[in-house]
Amino acid sequence: MRRTVFNEDHEAFRETIRDFIEAEVVPVYDEWFAAGQAPRDFYYKLGELGIFGISVPEEFGGAGMDTHKFEAVLYEETARAGVQFGGSGVHVLLALPYLKMLATDEQKKRYLPKFVTGEEMWAIAMTEPGTGSDLAGMKTTAKLSEDGTHYVLNGAKTFITGGVHADKVIVCARTAAPTAEDRRHGISLFAVDTKSEGYSVGRKLDKLGLKTSDTAELAFVDVKVPVEDLLGEENKGFSYLGHNLASERWGIAYGAYAQAAAAVRFAKQYVQERTVFGKPVAHFQNTKFELAACQAEVDAAQAVADRATEALDAGELTPAEAASAKLFCTEVAHRVIDRCLQLHGGYGYMNEYPIARLYADNRVNRIYGGTSEIMKTIIAKDMGL
């Protein structure tokens with residue numbers, strides 16, 4: 001379909017990323033997959049390529065471009081190649097917005113230059129064992145020391161993407177008890193150095209998909225966090241978390257659309273090459289109809305994803321619109337990828353084929369960033385229901 005969302009700069013960036021993936025990722029991706037994570041030095045290469053600094057202000061070493069369209073190109077090109085850039089997505093999509101929004105000038109001078117180069121990789125720790133999406137129920141605490149120089153952090157987090165390789169983690173913790181009127185009161189955000197005494201990385205979790213993205217459990221035992229590493233104001237963390245949900249859900253929606261488009265590409269190539277009963281699988285009417293239906297769904301998801309991208313860049317993407325885009329694109333991807341795997345037959349179940357990995361990678365899209373059920377609740381509320 002005709003698109004207007006990208007310009008010549010985005011397409012030049014696309015060619016650079018495509019060449020980089022072909023040279024630096026594809027030849028070693030099976031090794032990453034087997035290891036369950038990308039190597040730490042790969043993130044330095046992404047830093048050298050400028051991936052981490054696209055929207056970081058120039059004064060801190062970035063390119064200063066206030067747009068998500070280069071991220072959109074990354075989603076498309078990694079999906080097209082059937083690869084992931086390890087846990088680096090959370091570094092830019094999740095952690096950076098909080099640093100740009102909440103960090104003081106002094107903090108930005110300390111954090112952002114190393115963020116851009118990949119010298120310090122960031123993650124964000126919200127979810128706790130037993131609480132899931134109920135962030136207001138978190139138990140991790142950060143108590144101010146008597147001399148007022150630092151907070152003492154205690155607690156545990158789980159499902160932390162990028163948690164194994166992270167050098168800094170934005171940790172959500174309680175600095176005050178919830179009130180009877182507001183369970184969300186009392187949450188604060190901290191930039192925690194992973195080399196701090198009492199900070200530990202637990203299990204590297206064995207996930208169904210996203211195998212090259214390290215996901216871990218974290219524990220904090222009397223970790224001292226300098227007051228200079230409090231992000232934003234104390235006790236206002238929950239409102240900060242809600243502020244960035246639209247961009248997070250946009251990223252999941254766009255990534256899901258890109259995966260669906262890649263699935264159609266993989267299936268089309270396979271059915272043209274695979275022969276059964278003396279004919280290419282693509283020759284049969286059922287194959288044509290299935291792929292045509294999948295392509296129609298991908299076209300619709302592309303339109304939704306592009307519209308959401310333009311709205312996000314304009315600062316106009318509402319929570320309900322972001323929820324709608326996430327719900328639609330992730331559900332489309334679920335249907336399309338399943339049907340494209342079916343066209344591969346038994347080979348579609350083998351991890352050596354990208355469609356199998358894509359099938360597993362895609363499943364979490366309807367869970368993280370808010371489940372499909374939560375998205376429906378948000379949309380319904382916006383409808384006045």
Side-chain angles (χ1 to χ4, degrees), residues 52 56-57 59-62 90-91 94-129 131 135-158 160-179 182-202 216-244:
F52 298 147
V56 173
E59 61 188 295
F60 304 115
V90 72
H91 182 68
L94 297 188
L96 183 57
Y98 290 102
L99 299 181
K100 291 171 66 176
M101 177 177 71
L102 301 175
T104 63
D105 287 342
E106 185 277 329
Q107 288 174 324
K108 289 176 181 177
K109 289 177 183 177
R110 285 193 288 125
Y111 301 151
L112 292 180
K114 293 180 180 180
F115 180 101
V116 170
T117 62
E119 184 178 346
E120 287 186 349
M121 294 299 295
W122 287 69
I124 184 164
M126 303 184 204
T127 306
E128 297 184 359
T131 61
L135 296 180
M138 70 175 61
K139 305 296 184 184
T140 297
T141 60
K143 297 182 179 180
L144 188 64
S145 62
E146 291 184 3
D147 61 7
T149 62
H150 62 273
Y151 291 86
V152 180
L153 184 66
N154 283 282
K157 300 289 182 177
T158 192
I160 309 307
T161 302
V164 174
H165 284 317
D167 302 288
K168 298 276 191 180
V169 177
I170 298 174
V171 177
C172 310
R174 283 207 164 277
T175 43
T179 65
D182 187 3
R183 293 179 63 240
R184 300 172 295 182
H185 172 75
I187 294 172
S188 302
L189 307 185
F190 300 90
V192 179
D193 191 324
T194 62
K195 296 185 294 293
S196 301
E197 184 177 353
Y199 179 103
S200 62
V201 177
E217 296 174 330
L218 306 179
F220 321 108
V221 179
D222 294 334
V223 175
K224 293 182 179 180
V225 182
V227 293
E228 292 81 10
D229 287 325
L230 171 69
L231 289 172
E233 295 184 43
E234 194 178 81
N235 299 329
K236 293 189 177 181
F238 199 93
S239 64
Y240 298 147
L241 296 176
H243 184 82
N244 288 318

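We count residues from 1, following the sequence as given. Note that the structure is a prediction, hence the values are computed from the model and not measured.
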**Message:** With a 4.5 Å cut-off on side-chain heavy atoms, are L94 and N244 touching?
**Reply:** no
**Minimal non-hydrogen separation, R183 against P178, with atom names** = O-CB, 3.4 Å
**Request:** Evaluate the criterion side chain to side chain contact (heavy atoms under 4.5 Å, CB included) for residue pair K109 and F60; output intermediate values, then yes/no.
**Result:** CA-CA 7 Å; K109 289 177 183 177; F60 304 115; 3.8 Å; yes
**Prompt:** Parallel, tilted or perpendicular: which describes the rings of H91 and F52, with under 30° parallel and over 60° perpendicular?
**Reply:** perpendicular
**Message:** Can you pull out every salt bridge (Lys or Arg N to Asp or Glu O under 4.0 Å) where at least one residue sits in residues 217-228? Sequence neighbours excluded, please.
**Reply:** R203-E217
**Asked** At what distance, to the nearest 0.5 angstrom, does CE of M138 lie from CZ of R184?
**Response** 12.5 Å
**Fill in**
One should read off an interatomic distance between T175 OG1 and L153 CG, to the nearest 0.5 angstrom, of 11.0 Å
**Item:** Note, S196 side chain near V225 side chain (heavy atom, < 4.5 Å)
**Value:** no
**Request:** Grab the two heavy atoms, one from M126 and one from I160, that are nearest each other, plus how far apart they are.
**Result:** N-CD1, 4.2 Å
**Request:** Could you pull out the closest heavy-atom pair between T161 and A123, with the gap in Å?
**Result:** O-CB, 3.5 Å
**Message:** Is the distance from the ring center of Y98 to that of H243 below 6.0 Å?
**Reply:** no
**Request:** List for me each residue that meets ring pair (Phe, Tyr, Trp, His ring centres under 6.0 Å) alongside Y199, sequence neighbours excluded, and say none if there are none.
**Result:** F220
**Request:** List for me each residue that meets side chain to side chain donor-acceptor pair (under 3.5 Å) alongside E128, sequence neighbours excluded, and say none if there are none.
**Result:** T140, K157
**Message:** I'd like to know if the side chain of S145 and the backbone of Y151 have a donor-acceptor N/O pair within less than 3.5 Å.
**Reply:** no
**Message:** For K143, is the NZ atom crowded, meaning more than 12 foreign heavy atoms sit under 6.0 Å from it?
**Reply:** no
**Asked** With no hydrogens and no angle check, is any side-chain donor or acceptor of H150 less than 3.5 Å from a backbone partner on V223?
**Response** no
Atom pairs and distances, side-chain donor-acceptor, residues 165-173, under 3.5 Å, sequence neighbours left out:
from : atom 1 : to   : atom 2 : distance (Å)
H165 : NE2    : A38  : O      : 2.9
D167 : OD2    : R40  : NH2    : 2.8
D167 : OD2    : M121 : N      : 2.8

**Request:** Check side chain to side chain contact (heavy atoms under 4.5 Å, CB included) between V221 and all other residues, then give those that pass, not counting sequence neighbours.
**Result:** N154
**Message:** Between I124 and L189, is the side chain to side chain contact (heavy atoms under 4.5 Å, CB included) condition met? List the steps.
**Reply:** CA-CA 10 Å; I124 184 164; L189 307 185; 5.9 Å; no
**Request:** Answer yes or no: are there more than 12 heavy-atom neighbours, outside E197 itself, under 6.0 Å from its atom CD?
**Result:** no
**Complete:** Residues passing the side chain to side chain donor-acceptor pair (under 3.5 Å) test with Y111, sequence neighbours excluded, are D229
**Message:** A side-chain contact here means heavy atoms from C-beta on lying under 4.5 Å apart; do L99 and K108 qualify?
**Reply:** no
**Message:** With a 4.5 Å cut-off on side-chain heavy atoms, are F115 and L96 touching?
**Reply:** yes
**Fill in**
Taking every heavy atom of R174 against every heavy atom of A177, the minimum-distance pair comes out as NH1-C, 4.1 Å
**Prompt:** How far apart are the closest heavy atoms of A176 and N235, and which atoms are they?
**Reply:** CB-OD1, 3.6 Å
